[in-house]
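Remember, it's 1-based here, ligands and their atoms both numbered in the order they're listed. Hydrogens, waters and symmetry mates play no part in the numbers below; they use all other heavy atoms, side chains included.
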Amino acid sequence: MNRLRNTDIKFLRGIGPKRAELLKKHLGIATYYDLLHHYPSSYVDRSTIHRIASFTGDMPQVQVKGRFFSMTVQGEGAKTRLVGLFTDGSGQMEVVWFNRIKYVRDAIVQGQEYILFGKPSLFNSRWSMVHPEIETEATIQADGSRDGFRGIYPIPEQLRTRGFTARSFSLSVREMLSHIPQLDETLPPWVIRRMNLLDLRSAIGAVHNTPDMATLDRARFRLKFEELFYLQLDILRYSRRRKDTTPGFIFSRIGYYFNTFYSQFLPFPLTEAQKRVVREVRTDVGSGRQMNRLIQGDVGSGKTIVALLCMLMALDNGTQACLMAPTEILATQHYESLRALVAPMGVNIKLLTGSTPVKARREIHDGLLDGSLHILVGTHAVIEDKVAFKNLGLAVIDEQHRFGVAQRARLWRKNIVAPHVLVMTATPIPRTLAMTVYGDLDVSVIDELPPGRKPVKTMLRYEEDRFATLSGVGRQLRQGRQVYIVYPLVKENEKLELKSLEEGYENIRETFRDYKVAYVHGQMKPAEKDYQMQLFASGEAHILVATTVIEVGVNVPNATTMIIENAERFGLSQLHQLRGRVGRGGEQSFCILMSKRKIASTTRRRLELMTETTDGFVIAEADMHMRGPGDIEGTMQSGLAFDLHIANLTTDSQILNLARDLASETLDADPTLSAPDNAILRAELSRQHNRLVDWSRIS
Ligand code: ADP
Ligand code: MG
């Protein structure tokens with residue numbers, strides 16, 4: 001294995017220095033080992049040939065078989081392209097090349113039969129394929145892959161235009177394997193036997209050059225299992241060590257603050273689920289071990305009040321507490337609502353964000369150090385190095401999916417005794433997954449909404465319905481309700497984003513002249529943002545025109561209607577989060593998804609699902625399967641300390657569970673992995689750690 005890791009890819013036959021440079025630049029493939037681990041992301045059945053006449057809008061890569069009947073060079077300069085007309089007898093399409101024009105034109109023989117492999121797209125009502133892979137019967141015979149499955153590799157455009165193809169990848173791997181007599185196993189023999197796994201060499205061979213589906217399944221299972229097993233071993237090893245060695249504050253008392261608040265200031269009776277979670281936290285913080293707990297609760301389930309009760313426990317035991325939120329808007333809002341609740345009891349609470357003035361900041365720093373400041377609410381500013389507490393007993397992190405493991409680790413270093421940590425999220429993900437993504441948290445669930453909530457009625461509407469939609473908004477406004485109008489963020493083009501927002505704002509002001517309209521977007525100065533949000537939160541403004549900056553946590557119970565413009569551009573989880581801003585009071589609320597009429601069928605399914613359910617778990621699950629834009633998986637996967645090449649945390653949850661069970665069992669029997677049988681495990685873990693960031697050491 002080490003030889004593989006150290007051998008530069010340029011030495012592989014057929015690669016050479018130039019192509020090696022490209023592979024490194026665009027895919028990070030530098031060594032033999034890297035190439036072996038660049039797996040196909042999916043597979044197509046070689047025996048299926050599609051017909052041009054039955055192409056549809058959102059097809060993946062497909063194979064077609066037919067002939068070129070013309071080849072012309074079109075355009076000039078940078079726009080020069082080679083356009084071939086291709087027919088399979090059922091229809092015709094354009095095949096376009098922007099690079100290697102001369103080479104392709106010389107190589108293609110008109111009238112000869114080719115098999116093309118690429119993604120069809122509809123352009124000016126004509127089908128076309130850009131830079132497809134091209135094969136002939138002869139090349140297929142030669143590499144013997146006639147009946148198998150063809151891997152689809154993630155190949156960036158820059159490489160595809162330079163002649164890198166799925167075929168060249170699988171052939172390079174085959175070439176490489178033929179020169180490597182043996183591939184050192186990376187799992188101990190007992191694991192392979194126990195899980196009935198394919199050996200490493202066969203598995204790697206089969207994912208790149210697939211003999212048949214059954215072998216491919218076993219090969220993928222083996223590689224996925226391995227990745228997840230090491231991930232779990234690493235997480236469990238770390239968390240067990242931390243639990244053994246990290247003492248926590250013991251909150252032995254329930255005292256003045258908690259009791260007074262509970263008996264006199266609690267604004268509503270807690271739901272059973274809220275009470276249960278408070279009890280779970282109470283048990284944790286009384287145990288003498290540091291608490292690391294995740295509270296999962298759908299939007300509107302009432303996580304904030306639970307957090308407050310926990311912070312009061314900290315105060316009762318002579319320590320301080322802090323609450324961190326991912327955005328300034330949310331932090332401000334938490335601060336204001338919490339202050340209103342606890343100030344009457346003499347609790348000193350302050351807000352710290354990036355825009356807190358220097359003088360106020362200094363006062364906060366002083367108050368934290370001498371202990372006169374009890375609760376600090378804020379954004380990332382809270383974990384800055386300058387912020388030091390006299391005695392921080394509990395840190396609460398809201399909407400944790402926006403925070404990385406590293407940031408959490410910084411909190412642990414705020415005290416000699418690590419503070420208890422409570423993280424809250426509305427993203428409902430399965431337990432094992434939560435433990436994997438968030439490292440080592442225990443999980444509590446608030447699975448009940450406060451009484452009297454009516455599910456938000458959600459409707460899908462198109463441009464021609466706009467007038468009727470706005471009349472509905474008018475009715476809500478006349479009843480004294482407030483309304484959100486949300487525009488998507490257009491990352492690629494901030495100017496455009498602002499333009500659509502500003503136009504929308506002007507239109508709305510025109511339409512509803514009798515009402516006050518506030519507006520916020522991400523590029524505003526924080527003070528201006530605050531001011532606008534405040535206008536809406538206080539009820540002075542009736543309509544809030546906003547980008548997704550309001551996605552997280554904002555609470556204005558009187559707002560009963562939300563219009564989401566260009567809803568087709570949002571992912572499911574994001575829509576769910578946004579919709580969670582309405583339906584927070586006792587009134588019937590509405591969410592109107594405005595969409596283009598012409599949308600891909602998967603997009604339509606996404607929007608329809610939103611109209612059918614308000615259950616966050618159902619939505620999260622669907623999101624994982626549909627993988628629309630904005631899916632949570634990307635965010636989650638990026639927070640991991642390990643790269644996953646083939647396993648997918650959401651779709652491979654069963655393998656993840658198996659891996660976790662075996663990892664746990666392994667560590668029960670051999671906590672330090674010092675048994676000879678486990679030598680490979682130890683070696684692999686330390687090797688991976690040399691390569692990757694060790695989150696536990698980031699501070
Ligand atoms: P989230 O879990 O999304 O953070 P919040 O904590 O913001 O939810 O609570 C949503 C709304 O529900 C708030 O207006 C809050 O005051 C209210 N709420 C929370 N718990 C209860 C309860 N037990 N009974 C009635 N209203 C509640
Ligand atoms: Mg919240």
Side-chain angles (χ1 to χ4, degrees), residues 261-263 265-281 293-312 322-342 377-379 396-403 422-429 443-456 481-482 484 533 536-539 548-560 562 573-589 591 614-617 619-620:
F261 181 77
Y262 203 87
S263 57
F265 296 106
L266 198 63
F268 34 68
L270 295 185
T271 62
E272 285 309 313
Q274 286 170 320
K275 284 186 202 159
R276 188 185 66 236
V277 173
V278 171
R279 276 199 303 271
E280 283 168 355
V281 170
R293 186 166 281 279
L294 173 73
I295 299 184
Q296 264 186 25
D298 207 349
V299 283
S301 61
K303 295 183 287 293
T304 320
I305 198 83
V306 172
L308 175 60
L309 286 164
C310 300
M311 291 196 282
L312 295 178
C322 72
L323 168 65
M324 220 168 29
T327 65
E328 181 135 5
I329 289 178
L330 189 54
T332 309
Q333 192 179 326
H334 275 322
Y335 166 69
E336 269 152 16
S337 57
L338 294 181
R339 191 191 48 186
L341 289 170
V342 300
V377 178
T379 53
V396 183
I397 306 174
D398 197 13
E399 307 297 348
Q400 150 74 16
H401 60 289
R402 302 291 177 97
F403 279 100
L422 198 60
V423 300
M424 309 197 291
T425 180
T427 310
I429 51 175
V443 182
S444 289
V445 184
I446 307 184
D447 49 6
E448 181 187 355
L449 292 180
R453 293 280 172 78
K454 301 187 181 73
V456 179
R481 309 274 166 256
Q482 289 166 280
Y484 291 103
M533 275 310 297
F536 188 68
S538 67
T548 45
V549 290
I550 61 150
E551 177 189 340
V552 162
V554 175
N555 187 33
V556 182
N558 188 47
T560 52
M562 171 175 285
S573 295
Q574 213 180 4
L575 288 171
H576 181 64
Q577 279 284 331
L578 280 170
R579 181 171 60 182
R581 301 309 110 217
V582 292
R584 301 191 141 235
E587 302 301 324
Q588 177 63 58
S589 291
C591 175
T614 53
D615 185 329
F617 276 91
I619 289 170

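Residue-to-ligand polar distances place Pro269 within reach of ligand 1: an N/O pair is separated by less than 3.5 Å. For Gly302, a nitrogen or oxygen atom sits less than 3.5 Å from a nitrogen or oxygen atom of ligand 1, counting backbone and side chain alike.
The residues Glu272 and Lys275 are annotated as salt-bridged, a charged nitrogen and a carboxylate oxygen being separated by less than 4.0 angstrom.
Under a 4.0 Å criterion applied to the non-hydrogen atoms of Val299, ligand 1 contributes the atoms 3 (O). Listed by number with element, the atoms of ligand 1 under 4.0 angstrom from any heavy atom of Thr271 are 23 (N). Atoms of ligand 1 found under 4.0 Å from any heavy atom of Thr304, numbered from 1 in the order shown, are 4 (O), 5 (P), 6 (O), 7 (O). Within ligand 1, counting atoms from 1 as listed, the ones closer than 4.0 Å to a heavy atom of Asn555 are 13 (C), 14 (O). Close contacts of ligand 1 with Ser301, meaning ligand atoms under 4.0 Å from a residue heavy atom, involve 2 (O), 8 (O).
Glu280 places no side-chain N or O within 3.5 Å of a backbone atom of Ser444 that could act as its donor or acceptor partner. At distances below 3.5 Å, at least one donor-acceptor pair connects side-chain atoms of Gln333 with backbone N or O atoms of Asn555. At least one donor-acceptor pair under 3.5 Å links the side chain of Arg276 to the backbone N or O of Val445.
For the ligand labelled ligand 1, residue Gly300 lies inside the 4.0 Å heavy-atom shell.
The side chain to side chain contact (heavy atoms under 4.5 Å, CB included) test with Ile305 is passed by exactly one of Thr271, Leu266, Leu338, Val278: Leu266.
When non-hydrogen atoms are compared, ligand 1 lies under 4.0 Å from the side chain of Arg453 (C-beta onward) but not from its backbone. The residue Pro267 has no part lying near ligand 1, judged by heavy-atom distances below 4.0 Å. Contacts of Gln274 with ligand 1, taken as heavy-atom pairs under 4.0 Å, involve the side chain alone.
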Worked verdict on Lys454 versus Thr560 for side-chain contact (heavy atoms from CB on, under 4.5 Å): CA-CA 11 Å; Lys454 301 187 181 73; Thr560 52; over 6 Å; no

- prompt: Going through the distances and angles, do Thr614 and Arg453 end up as a side-chain contact (heavy atoms from CB on, under 4.5 Å)?
  reply: CA-CA 12 Å; Thr614 53; Arg453 293 280 172 78; over 6 Å; no

task: Before giving the answer on side-chain contact (heavy atoms from CB on, under 4.5 Å), spell out for Leu578 and Tyr484 the whole-Å C-alpha distance, their side-chain angles and the decisive distance to 0.1 Å.
output: CA-CA 10 Å; Leu578 280 170; Tyr484 291 103; over 6 Å; no

